[in-house]
2 protein chains.
Amino acid sequence: MRIGELSKATGVDIETIRYYEKAQLLSAPARSDNGYRSYNQSHLERLAFIRHCRALDIPLAAVQRLLSFIDSPQSDCGEIDHLIDAQLARVRARLASMHALERQLVALRGQCTGPHNASECGILHDLVAAAHGEACVCHQN
Amino acid sequence: MRIGELSKATGVDIETIRYYEKAQLLSAPARSDNGYRSYNQSHLERLAFIRHCRALDIPLAAVQRLLSFIDSPQSDCGEIDHLIDAQLARVRARLASMHALERQLVALRGQCTGPHNASECGILHDLVAAAHGEACVCHQN
DNA sequence: CTTGACCCTGTAGTGACTCCAGGGATTCTA
DNA sequence: TAGAATCCCTGGAGTCACTACAGGGTCAAG
């Protein structure tokens with residue numbers, strides 16, 4: 001399988017595939033006579049694995065750890081659990097702050113009604129007020 | 001005000017302040033005889049404004065547009081509205097995908113109960129299964 | 001007179017890609 | 001069989017918003 005076929009089969013950009021190889025997440029494939037990369041089924045599976053982890057927003061360094069567990073199934077899975085727990089904690093923290101963010105933006109958006117001069121714009125006024133340390137509609141909670 | 005004082009007053013890292021200057025978000029301050037940066041009140045306000053926007057996760061390029069509105073209050077505020085709307089849309093899209101992510105991670109985490117070999121780990125099994133295109137507990141929804 | 005806190009510039013590193021220049025190989029069509 | 005379109009290669013730079021560092025200068029206190 002050439003890189004373009006692998007790309008189509010997995011939906012992963014060609015440049016990204018080469019990037020994974022350089023980053024040592026994907027082992028260097030065999031080369032044809034013309035120097036083209038030649039992938040096999042195991043490359044496809046490994047790439048799909050990486051992308052699934054990335055869809056779960058797991059950092060590449062952690063994906064690399066997981067790959068090493070696949071390669072040595074004898075080892076204890078405690079670190080896997082820990083890794084997923086850490087990822088879950090990261091996602092939840094980010095989720096909480098993004099909820100707050102959404103509330104703030106909605107409040108801010110409500111300050112502007114229809115077209116007028118920037119000097120009268122409630123949004124801009126609120127943002128400037130916040131810079132002055134005054135209570136602003138988006139951060140007064 | 002020297003850069004250290006500005007940093008303390010705003011809670012913004014010194015390196016970040018210099019970065020904002022280089023990125024043209026903060027105008028270059030006057031210099032003392034020894035070459036130290038000398039900030040005034042307007043720098044402090046502008047920096048606070050930038051940080052407030054960043055707390056709302058507004059990209060620096062958009063912050064720069066907002067700053068230009070502060071500098072020219074005559075212009076129409078339509079773009080401000082649009083900018084906040086775009087930011088809100090980004091946040092909401094991200095929020096939705098992170099909710100899905102959380103569900104997936106929770107499901108995945110439930111696959112592993114207690115310590116055992118990686119080869120028997122439900123989490124790893126599910127991740128590998130997903131790579132094979134089988135339904136996995138975290139993406140079957 | 002030395003110590004320590006502060007400041008300067010310029011450069012490189014982060015993560016996870018993405019894009020591009022400048023070339024070679026292969027395949028399809030006229 | 002010529003030319004065009006498509007594929008592939010390498011190496012390097014760019015993205016975003018910082019962060020860290022090397023290697024120096026400045027200043028006040030003890």
Side-chain angles (χ1 to χ4, degrees), chain A residues 1-26 28-39 43 46-67 83 86-87 90-91 94 97-98 101, chain B residues 1-26 28-39 43 46-67 83 86-87 90-91 94 97-98 101:
Chain A
M1 202 183 340
R2 291 191 308 186
I3 200 167
E5 300 171 76
L6 181 61
S7 172
K8 278 217 182 72
T10 57
V12 180
D13 195 279
I14 287 178
E15 307 264 20
T16 303
I17 296 173
R18 285 199 280 249
Y19 168 76
Y20 286 158
E21 181 181 333
K22 198 155 51 176
Q24 313 225 25
L25 275 113
L26 219 44
R31 298 284 181 137
S32 332
D33 293 347
N34 53 18
Y36 290 7
R37 287 173 179 79
S38 180
Y39 295 98
H43 285 105
R46 214 170 166 97
L47 182 55
F49 177 84
I50 295 169
R51 291 311 282 191
H52 187 68
C53 291
R54 291 295 300 134
L56 293 169
D57 215 19
I58 296 170
L60 285 184
V63 175
Q64 205 148 24
R65 304 280 314 127
L66 289 173
L67 285 168
L83 220 141
Q87 178 61 14
R90 247 202 321 277
V91 166
R94 186 95 181 109
S97 82
M98 296 212 54
L101 197 53
Chain B
M1 202 182 343
R2 291 191 307 184
I3 199 168
E5 300 171 75
L6 181 61
S7 172
K8 277 215 183 73
T10 57
V12 180
D13 195 280
I14 287 178
E15 308 262 23
T16 304
I17 296 173
R18 285 198 279 248
Y19 169 76
Y20 286 160
E21 180 182 332
K22 198 154 52 174
Q24 313 225 32
L25 275 113
L26 218 45
R31 298 285 181 137
S32 329
D33 292 347
N34 54 18
Y36 290 7
R37 287 174 179 79
S38 181
Y39 294 97
H43 286 106
R46 215 171 165 96
L47 181 55
F49 177 83
I50 295 169
R51 293 310 281 190
H52 187 68
C53 291
R54 292 294 302 134
L56 293 170
D57 216 18
I58 296 171
L60 285 185
V63 175
Q64 206 148 24
R65 305 281 314 128
L66 289 174
L67 284 169
L83 221 142
Q87 178 61 14
R90 249 204 318 278
V91 166
R94 186 92 180 114
S97 83
M98 296 213 57
L101 198 51

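Below, read A as the first sequence line, B as the second, and so on, with proteins coming before strands; counting in each chain starts at 1.
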What does the B/S/- profile of nucleotides 6-11 of chain C look like, 5' to 3', with a 4.0 Å heavy-atom cutoff to protein?
BSSB-B

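- Between the side chain of R54(B) and the backbone N or O of I58(B) there is at least one donor-acceptor pair closer than 3.5 Å.
- In this structure, CG of L25(A) is placed 9 Å from P of dA16(C), rounded to the nearest angstrom.
- Partners of R18(B) under the side-chain hydrogen bond (donor to acceptor under 3.5 Å, both in side chains) rule, at least two apart in sequence or in another chain, do not exist in this structure.
- Partners of R51(A) by salt bridge (Lys or Arg N to Asp or Glu O under 4.0 Å), not counting sequence neighbours: none found.
- Using modelled atom types, no side-chain atom of E5(A) and backbone atom of Y39(A) make a donor-acceptor pair closer than 3.5 Å.
- Nearest heavy-atom pair, R46(B) versus L25(B), reported as atom, atom and distance to 0.1 Å: NE-O, 3.6 Å.
- Separating the CZ atom of R54(A) from the P atom of dG15(C) is a distance of 11 Å, rounded to the nearest angstrom.
- For DNA chain D, the contact window with chain A, defined by any atom under 4.0 Å from a protein heavy atom, covers dC7(D) to dT10(D) in 5' to 3' order.
- For the side chain to side chain contact (heavy atoms under 4.5 Å, CB included) test, residues two or more places apart in sequence or in another chain that qualify with R94(A) are S97(A), M98(A), D57(B), M98(B).
- In this structure, CD of Q24(A) is placed 16 Å from C1' of dG15(C), rounded to the nearest angstrom.
- Atom CG of L60(A) and atom C1' of dT14(C) are 13 Å apart (whole Å).
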Can you give each donor-acceptor pair under 3.5 Å made by side-chain atoms of residues 29-36 of chain B, sequence neighbours left out, with the distance rounded to 0.1 Å?
residue, atom, partner, partner atom, Å
R31(B), NH1, G35(B), O, 2.9
S32(B), OG, Y36(B), O, 3.3
N34(B), OD1, Y36(B), N, 3.0

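- Considering every non-hydrogen atom in both I14(A) and G4(A), the closest pair reads CD1-CA, 4.0 Å.
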